[in-house]
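For the numbers below, each heavy atom of this structure counts, side chains included, while hydrogens, waters and symmetry mates do not. Within every chain, numbering begins at 1; the chains are lettered A, B, ... in the order of the sequence lines, protein sequences first and strands thereafter. Note that this is a predicted model, so its numbers are computed, not measured.
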Protein chains: 4
Amino acid sequence: MSAVNAVDSLPERIVRAAVKLFAGKGFHGTSMRAIAGAAGVSIGAIYHHFSSKDDVFLAILRQEYERRRVAVEELRAQGLPPREMVQRVARLHFELLGRHQDSVKILSHTLPREHPRLHRQLQALEEEFAGHVARLLEEGMRAGEIRECHAWTAAHALLGMARAVTARALGDDKLATELRQRGPEELAELAWRGLRP
Amino acid sequence: MSAVNAVDSLPERIVRAAVKLFAGKGFHGTSMRAIAGAAGVSIGAIYHHFSSKDDVFLAILRQEYERRRVAVEELRAQGLPPREMVQRVARLHFELLGRHQDSVKILSHTLPREHPRLHRQLQALEEEFAGHVARLLEEGMRAGEIRECHAWTAAHALLGMARAVTARALGDDKLATELRQRGPEELAELAWRGLRP
Amino acid sequence: MSAVNAVDSLPERIVRAAVKLFAGKGFHGTSMRAIAGAAGVSIGAIYHHFSSKDDVFLAILRQEYERRRVAVEELRAQGLPPREMVQRVARLHFELLGRHQDSVKILSHTLPREHPRLHRQLQALEEEFAGHVARLLEEGMRAGEIRECHAWTAAHALLGMARAVTARALGDDKLATELRQRGPEELAELAWRGLRP
Amino acid sequence: MSAVNAVDSLPERIVRAAVKLFAGKGFHGTSMRAIAGAAGVSIGAIYHHFSSKDDVFLAILRQEYERRRVAVEELRAQGLPPREMVQRVARLHFELLGRHQDSVKILSHTLPREHPRLHRQLQALEEEFAGHVARLLEEGMRAGEIRECHAWTAAHALLGMARAVTARALGDDKLATELRQRGPEELAELAWRGLRP
DNA sequence: CATGAATGAGACTTCATTCAT
DNA sequence: AATGAATGAAGTCTCATTCAT
């Protein structure tokens with residue numbers, strides 16, 4: 001029993017079930033009862049580990065943005081040439097899409113403005129991530145390897161274009177398939193041409 | 001009184017109130033009771049003109065995408081050089097932001113996945129708009145004035161970067177102010193450099 | 001125009017539409033809007049000729065019980081032997097079923113207890129009709145051609161058995177078909193054997 | 001308090017309250033709020049035990065038809081002579097009327113055609129019960145102790161006459177009192193004379 | 001006579017959350 | 001730590017009826 005719980009703690013089970021449901025039916029379309037059922041735990045158990053439904057959602061957001069932060073840290077640590085770096089950031093969403101499709105869906109589609117507290121926290125997480133990218137760009141500019149421009153605009157633009165294309169690529173029609181194949185390279189090219197000196 | 005009503009039909013009053021509320025509190029954060037109160041009409045009156053809450057939301061979406069469609073039509077009619085065209089599309093969101101801030105907020109923040117019907121219709125509207133842009137780009141490619149690339153990826157990327165930057169520019173902090181000032185030009189430059197031959 | 005209205009007055013159109021709808025969807029399942037739509041008139045027009053939805057329903061009930069009253073009057077006027085008379089009353093519902101299926105459905109299935117006023121009036125109409133039958137039976141007893149029994153019990157029993165069998169015969173399955181064929185004779189026989197001296 | 005609750009579970013309290021209200025005001029005249037109030041529980045508690053208002057109604061119907069099924073089973077088990085059996089079935093409604101007046105009211109007066117699902121289920125329950133009676137009659141015919149006739153017609157007729165008389169006997173006027181006194185015997189006699197060889 | 005836009009009470013139902021066990 | 005029965009506010013929507021035109 002302890003071995004099982006070690007790889008599959010109760011909070012983890014809850015979050016995993018919640019991610020699937022939020023991705024599929026959205027925040028308001030997912031009830032605590034549904035999460036409890038999908039996770040195979042009681043409703044009370046969820047409230048034992050999370051203070052509210054918002055808190056479950058936030059846990060997911062934090063997890064997801066932590067993944068992005070780590071990815072950017074790694075990029076920076078590798079000391080790649082700016083060109084490579086810009087292109088990799090542009091491709092980042094696609095890579096995460098491959099590994100964490102449900103989480104990406106949540107970020108792409110659900111901005112629950114109806115919860116001021118959630119909304120503020122989500123914005124803070126986005127801002128933090130955009131900040132990492134902006135700093136990357138500023139370093140490139142100082143090194144003369146990225147053209148002079150407004151780093152924050154460029155950072156938000158970079159992330160916005162990536163998000164829009166991955167969001168469209170989530171479907172299962174012909175264009176979605178095409179976007180999943182050509183999207184990463186096209187985006188990388190677009191970003192680099194837009195930012196090179 | 002009759003003069004006021006003449007320019008201010010009941011459905012218009014309802015939509016105007018709904019836009020404000022949806023933009024401020026989101027779809028689920030806005031109740032029919034609240035819309036009725038803000039519009040100064042009875043709940044029943046809303047249902048006399050719209051078949052459901054979804055229908056009110058859709059009316060707003062259609063109105064907003066109609067504005068975009070018209071804007072793109074006008075661009076094309078002017079026969080501008082591709083460079084100008086690409087830059088104007090990149091600036092489009094900002095121009096609409098100035099005139100219809102609440103509507104832009106709705107488009108930037110609310111994709112109600114919890115309503116399959118709404119979700120599908122919103123995607124269709126987005127797709128249609130992206131299609132207009134993609135066609136614009138393809139014409140530019142045929143004329144050799146835009147570099148060869150995957151038009152649909154570029155179209156979604158163009159719109160995605162514009163949306164992300166305008167969304168961030170909605171706030172009232174220092175960065176938001178900066179983005180509203182420099183965003184349009186920065187975006188236009190980024191887009192053109194990314195797409196020129 | 002007057003010629004058309006002569007055979008198809010507005011109140012008649014309304015009642016005819018209402019009968020169909022009440023029979024198919026019940027009293028609460030039928031809205032005034034639906035009646036207006038089916039009759040091809042405005043809602044206001046209905047209120048011009050009937051004081052309320054209840055009033056429309058009552059008009060149908062009165063019409064239907066009038067048919068029954070007339071049928072019993074005719075029976076009595078023919079001075080048939082009691083055997084024949086009892087059997088004909090037993091068959092009465094079936095004959096009306098053939099000609100006025102929707103009205104019979106309403107009487108068989110809808111006793112809107114939720115409307116005290118309607119309920120009382122419907123009971124009064126039923127009572128009046130049962131009274132006609134009871135009197136028929138009492139006359140037969142006085143003539144020694146029907147066995148002595150409690151006429152009102154027998155009258156309600158006679159009508160109740162006929163209603164139950166016709167109600168079941170309204171369906172379209174095998175048993176319903178059988179009941180429509182054999183029901184009238186079976187009922188007539190059952191009634192006569194139960195009541196003959 | 002625990003002793004009281006032991007014999008009076010929450011679902012039982014809800015059903016008991018609902019029976020009284022449905023019998024007095026009908027299905028549509030009874031709101032969930034009213035049931036909750038009468039049962040002394042919250043509205044949510046009702047939905048915790050029943051999936052819908054229809055479900056509460058169905059629970060009552062099932063309970064009532066179960067009583068009838070048991071009564072007929074017992075009749076058959078006693079191996080009474082057919083005459084006795086037919087007369088007892090004819091009296092059955094009256095006996096149940098004495099013990100469960102409200103439930104009988106519901107069955108006598110409410111056939112909610114407006115709810116297709118409820119309607120179908122009620123018909124199924126009625127059909128099942130009529131089937132028990134029809135089988136009883138067929139056994140009598142095979143034994144030569146009931147005249148040859150269409151068993152299903154006779155079964156529906158038997159139940160229909162009993163229902164009609166008991167329905168009229170529910171009132172508190174002079175005739176209702178008379179029917180409660182003489183009805184059982186009169187019905188029993190009528191049924192036996194109609195069905196004996 | 002006729003219209004149909006407007007009313008607003010009230011219906012059923014859902015759901016996040018609590019708490020006694 | 002865990003359960004799940006119970007709560008009740010709040011949600012969307014329907015509908016008989018009215019009344020200005």
Output the residues of residues 29-42 of chain D in contact with DNA chain E, where contact means a heavy atom of the residue under 4.0 Å from an atom of the strand; sort by number or write none. T30(D), S31(D), M32(D)
Partner set under salt bridge (charged side-chain N to carboxylate O under 4.0 Å, His left out) for R67(D), not counting sequence neighbours: E64(D)
DNA chain F: first to last nucleotide in contact with chain C (atom under 4.0 angstrom from a heavy atom), 5' to 3', is dA16(F) to dT18(F)
Atom CD of E126(C) and atom CZ of R68(C): how far apart are they, to the nearest 0.5 Å? 9.5 Å
Using distance only, find each side-chain donor-acceptor pair of residues 32-51 of chain B under 3.5 Å and give its atom names and separation, not counting sequence neighbours.
from   : atom 1 : to     : atom 2 : distance (Å)
S42(B) : OG     : A45(B) : N      : 3.1

Heavy-atom donor-acceptor pair, T30(B) side chain to L21(B) backbone, under 3.5 Å: yes
Using heavy atoms and a sub-4.0 Å distance, could you list which residues of residues 43-53 of chain A are near DNA chain F? By number, please. G44(A), A45(A), H48(A), H49(A)
Between CD on residue Q123(B) and CD on residue E128(B), distance to nearest 0.5 Å: 14.0 Å
Pair assignment for DNA chain E - dot-bracket with | for other-strand partners, Watson-Crick or G-U under 3.5 Å: .||||||||||||||||||||
Starting at NZ of K20(C), measure out to CG of D102(C) and round the result to the nearest 0.5 Å. 5.0 Å
d(CG, D54(D); P, dA11(E)) in whole Å: 16 Å
Distance, nearest 0.5 Å, that separates OG of S52(A) from CG of L58(A): 8.0 Å
C1' spacing across the pair dC1(E) / dT21(F), given as an integer number of angstrom: 13 Å
Look up atom CG in D55(C) and atom CD in Q121(C), then write down how far apart they are to the nearest 0.5 Å. 9.0 Å
State, to 0.1 Å, how close L125(B) and R62(B) come at their nearest heavy-atom pair, and which atoms those are. CD1-N, 4.3 Å
Nearest 0.5 Å, what's the CD-OH distance between E127(D) and Y65(D)? 10.5 Å
Describe, in one word, how the ring planes of F27(C) and F22(C) are oriented to each other, choosing from parallel (under 30°), tilted (30 to 60°) and perpendicular (over 60°). parallel
